[in-house]
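On a predicted model such as this, the values are computed, not experimentally measured, just so you know. Counting starts at 1 for both ligands and their atoms, in listed order.
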Amino acid sequence: MGIPMRRDRRLFSELATFEDAFPQLEDATVEYREEGEGATGTTARAAAADETLEGLIPCSNPACRAGGFEVDLLLHEMIQAGQAEREGVLACPGTERTTTLVTDETIALQEFSDRMEHDVEEYEAKTGKTYIYDGTLTERIKKGMPRSSGRCPNTLSYRIRLAYKTPPS
Ligand SMILES: [Zn+2]
């Protein structure tokens with residue numbers, strides 16, 4: 001899971017209950033399927049009635065920053081429009097941070113590179129010759145393999161059903 005966006009000013013965050021944020025609604029059901037990094041691609045279901053629905057469905061991309069899917073904003077839009085059902089796709093608004101990704105491959109390459117450097121020094125000492133060692137690979141490895149930085153690629157397909165306390169006029 002990535003680092004979720006700050007939502008201090010949002011309704012129906014940790015600060016507000018569903019009842020407080022949506023007094024017009026009896027229940028809201030969201031079926032959703034996330035696609036992208038770290039996503040399982042399976043369909044999940046959340047409902048206000050059984051307290052599984054959150055205003056922000058977190059993004060599963062571990063490199064995602066300030067992301068997530070703002071279901072509560074969709075609910076507000078639907079109430080404004082008097083809609084009971086809506087389907088669509090949300091793109092995660094998060095960005096991918098550039099981080100050092102330490103993998104087994106990076107570690108193995110680092111060890112190999114260190115050994116190469118050592119071998120070159122040993123060979124120089126043995127032969128009395130100077131070898132130019134190109135440390136490009138080492139430097140790259142030391143910096144780590146950067147993850148792509150840019151927009152988070154994750155998307156959320158959703159189907160929302162709202163049950164109003166009184167039918168929308
Ligand atoms: Zn994301």
Which residues and atoms, protein N, O or S only, are under 2.8 Å from the Zn ion (ligand 1)?
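As for protein N, O or S atoms lying under 2.8 Å from the Zn ion (ligand 1), they are C59 SG, C64 SG, C92 SG, C152 SG.
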
For a side-chain contact (heavy atoms from CB on, under 4.5 Å) check, start with the C-alpha distance between T29 and D27, then their side-chain angles and the critical distance, and finish with the verdict.
CA-CA 7 Å; T29 312; D27 193 12; 4.0 Å; yes

Can you find a side-chain donor-acceptor pair between N61 and E96 that sits under 3.5 Å?
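There is such a pair between these side chains.
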
CA sep, side-chain torsions, deciding dist, call: L25, Y164, side-chain contact (heavy atoms from CB on, under 4.5 Å)
CA-CA 4 Å; L25 298 180; Y164 288 85; 3.8 Å; yes

Can you list everything that forms a side chain to side chain donor-acceptor pair (under 3.5 Å) with E35? Sequence neighbours excluded, please.
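Partners of E35 under the side chain to side chain donor-acceptor pair (under 3.5 Å) test: R33.
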
Please check if the side chain of E31 supplies one atom and the backbone of T43 the other of a donor-acceptor pair under 3.5 Å.
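Side chain of E31 to backbone of T43, a donor-acceptor pair under 3.5 Å: no, none is there.
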
Do the side chain of T52 and the main chain of A47 share a donor and acceptor less than 3.5 angstrom apart?
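At least one qualifying donor-acceptor pair exists.
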
